[in-house]
Amino acid sequence: MFCVDVAINLPVKSLFKQFTYAVPAELNFLDSGWRVVVPFGAQKVEGFVVQRREMTSLPPQAQAKLKNVEAALGDRPWFDKEMLATAKWLADYYMCSLAEAMRLFVPGKTSIKRHAVKDEEGKLLYYAYEERLKEKTVLAYRITEAGRAALALGDSRAKAQMAALAVLSEGEWLTVNELSEYKVSAATARTLAEKAWAEARQKRVLRNSYVNLQRRGEVFTLTDEQASALEKLSASVKKADGKTFLLQGITGSGKTEVYLRAAAEAVAQGKQVLMLVPEIALTAQLVKRFKGWFGDMVAVAHSKLSQNERGDVWYKMHTHQANILIGVRSAVFAPFENLGLIIIDEEHESSYKQEERPNYHARNVALERSKLTGAPLILGSATPDLESYYKAIGGEYQHLRLTKRATGSKLPTVELVDMRKELQERNFSVLSRKLKQALVTTAAEGEQAIVLLNRRGYSTFVMCRDCGASIVCPHCAVALVYHSAGEAMRCHYCGNTAPIPAECPNCHSRRIKFFGTGTQKAEAELQELPEVKVLRMDQDSTAQKFAHADILSSFARGERNVLIGTQMVAKGHDIPNVTLVGVLAADASLNLPDFRATERTFSLLTQAAGRAGRGEKEGRVIFQAYDVENKVLEQAARQDYDSFAKDELKDRETFFYPPFAQMLKLTIWDKDEAAALALAKRVTDFLKGQQLEGKLRDLLVLGPFPGLVAKVRDMYRYNIIVKAKELQPVKDALLASQFKEQRNLFFDVDPVSVI
Ligand code: ADP
Ligand code: ZN
Ligand code: ZN
């Protein structure tokens with residue numbers, strides 16, 4: 001007899017431990033990695049088998065008390081050894097329960113749906129469950145021996161049936177759709193089955209929402225730099241040595257081409273490839289290039305897939321019906337039959353970090369899977385994350401560099417415009433005269449431009465001219481943003497909308513004014529320029545499934561000549577006719593009180609500039625700013641990553657930030673502000689106590705601070721920041737304390753931002 005230890009898949013923080021169940025004889029195949037249904041209290045819930053043991057490993061009294069596993073889910077264990085090990089690592093590293101880590105690997109987080117079963121008086125009897133992923137199946141037919149005999153005899157009165165048998169005579173299973181291509185109707189097929197001339201069964205069909213993309217395959221001779229990078233990557237793929245590479249290449253240097261060929265090498269070895277991209281906006285162009293090479297063996301997983309579609313994609317990878325998976329952050333949890341290479345494009349992007357519990361970083365998870373499977377990991381970027389760069393120059397990662405544009409085109413020239421001067425000279429537009437002029441010329445010459453403004457909406461806030469009060473969201477301590485659509489103000493934190501008040505809620509003045517500029521207002525100004533036809537791309541214009549791809553392809557086809565938008569216009573795409581890029585408020589994000597603000601601004605500006613002049617004509621870039629002397633703007637203008645990194649690393653070392661320190665952010669939420677602060681103080685005292693014991697050197701505990709937005713959705717927020725050379729002892733201390741299961745305290749290991 002066997003028993004199994006099961007992690008219960010309930011999103012409850014306190015379920016850190018596992019529960020043991022007996023395995024009934026008919027489920028004797030159960031082993032670690034299976035998803036199962038188990039009784040839990042009065043309910044039936046999903047669980048993940050973590051370990052299989054001999055029943056005799058338990059004392060007899062305990063054996064007698066065990067409940068049985070109720071059922072097994074799926075037709076194979078969901079987790080293999082490597083996935084299970086990755087989940088265990090994730091739970092330890094990010095301070096969550098094993099179940100929380102494991103459910104990340106399951107599409108839709110759980111594979112069963114519970115519903116209550118009640119008696120006639122409405123009294124709850126128990127919960128029943130059903131499998132959640134509905135597999136899409138169609139009928140398929142195969143000829144039987146009797147069918148072959150009938151075909152051999154022939155029957156001139158049943159021509160259609162004989163024709164159908166002839167179609168089936170190869171002996172393959174053919175679906176009704178396939179049969180209809182041979183002019184065999186579903187009715188005829190059914191008749192064959194009734195006569196036992198054919199057998200029928202359900203066959204699983206896989207949904208694919210990207211079938212409409214066209215193929216585009218081009219073959220280049222690699223540049224020397226590309227060739228030398230590829231050589232090292234291919235060797236590592238062949239050896240399956242699990243090495244990590246930083247592929248640092250300027251925009252347009254042909255990184256994607258290197259990914260494609262490294263992927264081809266892995267596929268040639270009979271292996272699968274995982275390719276992560278930061279957001280859907282980038283996927284369409286990349287998917288096209290991969291489909292050009294690998295056809296239908298490419299599967300795509302983005303965050304807007306339905307749960308069933310995602311289930312199909314996962315199944316395809318698990319059964320090796322596809323070679324390549326392209327996906328956003330969560331695709332790092334896909335099951336593979338034989339993983340041979342992982343690629344993370346734009347590896348510096350913060351969208352790889354999940355901002356909710358468990359706060360994992362996809363790059364870290366990929367590193368772990370790479371180590372465990374031997375699949376080499378390629379981190380690609382023009383502006384690498386400083387932590388990756390630091391490891392590359394220190395020799396921990398292999399550093400591959402592409403320093404020239406692959407097409408031989410030159411990097412664009414970048415000009416800085418001082419917006420203070422514009423104001424002094426009475427230009428109150430959000431567009432400088434230089435940028436206006438450049439936009440008009442570009443449009444007149446039949447070329448295209450991209451304008452970046454990293455703020456959506458119309459005005460950024462609405463303020464009273466008399467008392468200075470701004471209109472804030474009643475649930476969040478943050479200003480509402482005016483959107484021209486629908487004439488409403490919207491909270492960017494909770495989505496709450498409110499009409500613009502006729503008078504100030506504070507002093508009743510009627511002199512309400514709009515301040516700041518968002519993408520919608522800039523769009524309105526651009527529309528006034530001659531020859532300019534504007535297209536806008538931001539979160540508000542891309543709410544639908546394929547809106548990003550539609551906007552970008554409409555722009556790429558030249559239907560409009562100016563694309564304005566938030567950071568999503570700055571990234572990834574390659575449109576040769578774009579010769580001008582303008583950045584409004586280029587220095588705005590430099591002043592955010594966050595240690596990564598400088599790095600993020602540098603990388604956004606560099607990426608934006610890199611969109612210009614990718615074709616034959618040289619590109620031009622205009623940064624508008626108030627603080628034009630800022631060194632970071634100048635480094636971004638020169639696209640000088642190394643000089644930026646050198647300065648920034650020095651600051652990080654001085655102020656004890658990553659990569660020189662490890663960080664942990666603790667956040668406390670409470671409806672009651674005083675309670676939030678009291679708990680925050682207790683946690684801080686606890687952490688400082690740890691420090692005083694002298695166990696830990698180089699430990700800094702900062703806070704508690706109210707969050708930059710101190711209240712969101714009526715909940716008050718306090719943050720505590722811990723910095724340490726080595727964070728593990730701090731994590732251990734917290735997990736051994738009563739704070740481990742504190743419901744309104746959240747741990748964020750390696751936070752992307754501290755505010
Ligand atoms: P990155 O991913 O570094 O921004 P891409 O791989 O998208 O660069 O390449 C930029 C452009 O150069 C693309 O249009 C691509 O088709 C082209 N390209 C890439 N490699 C070569 C090459 N070896 N020879 C000619 N053109 C190339
Ligand atoms: Zn007022
Ligand atoms: Zn709000």
Side-chain angles (χ1 to χ4, degrees), residues 213-231 233-234 245-265 273 275-279 281-294 298 324 326 341 343-349 378-385 388-389 392 399-412 448 450 552-553 555-557 567-579 581 603-619 621 636 639 641:
L213 289 173
Q214 284 160 11
R215 291 187 181 199
R216 186 186 81 169
E218 287 160 275
V219 180
F220 308 109
T221 315
L222 293 184
T223 64
D224 290 348
E225 288 181 330
Q226 284 173 318
S228 118
L230 181 64
E231 197 183 312
L233 294 168
S234 299
F245 295 85
L246 176 63
L247 179 62
Q248 181 181 355
I250 61 166
T251 51
S253 59
K255 293 185 289 298
T256 310
E257 200 62 29
V258 174
Y259 302 152
L260 280 164
R261 307 218 185 185
E265 181 63 48
V273 179
M275 163 109 202
L276 297 181
V277 294
E279 41 192 310
L282 304 179
T283 323
Q285 226 178 15
L286 199 87
V287 170
K288 263 190 211 171
R289 282 173 79 174
F290 271 82
K291 289 219 165 169
W293 276 69
F294 303 102
V298 178
I324 296 184
I326 302 178
L341 175 67
I343 303 165
I344 304 185
D345 191 27
E346 309 289 357
E347 64 93 31
H348 61 281
E349 284 288 338
I378 309 176
L379 306 173
S381 178
T383 54
D385 185 297
S388 302
Y389 178 78
H399 203 178
L400 308 172
R401 303 199 65 157
L402 307 178
T403 58
K404 299 182 204 71
R405 279 195 160 174
T407 53
S409 66
K410 275 196 271 173
L411 279 177
Q448 291 173 294
I450 292 177
L552 278 178
S553 60
F555 185 63
R557 285 194 302 271
Q567 36 90 23
M568 50 179 91
V569 302
K571 294 170 182 172
H573 37 276
D574 183 7
I575 300 169
N577 198 34
V578 172
T579 54
V581 167
S603 111
L604 182 61
L605 293 178
T606 310
Q607 300 282 336
R611 298 305 116 213
R614 292 170 74 99
E616 278 164 16
K617 291 196 86 178
E618 206 178 316
V621 177
Q639 310 252 310
Y641 180 88

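One-based numbering, in listed order, for ligands and for the atoms of each. We count residues from 1, following the sequence as given.
- Atom numbering of ligand 1 starts at 1 in the shown order; those under 4.0 Å from a heavy atom of Thr407 are 12 (O), 17 (C), 26 (N).
- At least one heavy atom of Arg289 sits closer than 4.0 Å to an atom of ligand 1.
- Annotation: side-chain hydrogen bond (donor to acceptor under 3.5 Å, both in side chains) contacts of Glu225 (sequence neighbours excluded): Thr403.
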Pair Arg261-Glu257, salt bridge (charged side-chain N to carboxylate O under 4.0 Å, His left out): steps then yes or no: CA-CA 6 Å; Arg261 307 218 185 185; Glu257 200 62 29; 3.2 Å; yes
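- Residue contact check: Thr221 has heavy atoms under 4.0 Å from atoms 22 (C), 23 (N), 24 (N) of ligand 1.
- Using a distance-only test at 3.5 Å, with no hydrogens or angles considered, no donor-acceptor pair links the side chain of Glu347 to the main chain of Pro384.
- For the side chain to side chain contact (heavy atoms under 4.5 Å, CB included) with Tyr259, the lone residue among Val273, Leu247, Leu341, Leu230 that qualifies is Leu247.
- The shortest N/O to N/O separation between Ser253 and ligand 1 falls below 3.5 Å.
- Residue contacts with ligand 1 leave out Gly249, since none of its heavy atoms falls under 4.0 Å from the ligand.
- For Glu618, the CD atom sits in a packed shell: over 12 heavy atoms of surrounding residues, nucleotides or ligands are nearer than 6.0 Å.
- Applying the 4.0 Å criterion to heavy atoms of Glu257 picks out, from ligand 1, the atoms 6 (O), 20 (N).
- Considering Ser409, Gly610, Ala227, Gly254 only, the shortest heavy-atom separation from atom 9 (O) of ligand 1 involves Gly254.
- Of the possible donor and acceptor atoms, one in the side chain of Lys255 sits under 3.5 Å from a partner among the backbone N and O of Gly249.
- Of the residues Ile378, Leu246, Leu233, Val258, the one that meets the side chain to side chain contact (heavy atoms under 4.5 Å, CB included) test with Leu400 is Leu233.
- Taking Thr579 as the reference, Glu447 meet the side-chain hydrogen bond (donor to acceptor under 3.5 Å, both in side chains) condition, with sequence neighbours excluded.
- Contacts between Gln226 and ligand 1 below 4.0 angstrom, taking non-hydrogen atoms only, involve the side chain exclusively.
- Each of the following atoms of ligand 1 lies closer than 4.0 Å to a heavy atom of Thr223: 23 (N).
- If you look at Leu402 next to ligand 1, there are no close heavy atoms at all, none under 4.0 Å.
- The N/O atoms of Phe220, backbone and side chain alike, include none that comes under 3.5 Å of an N/O atom in ligand 1.
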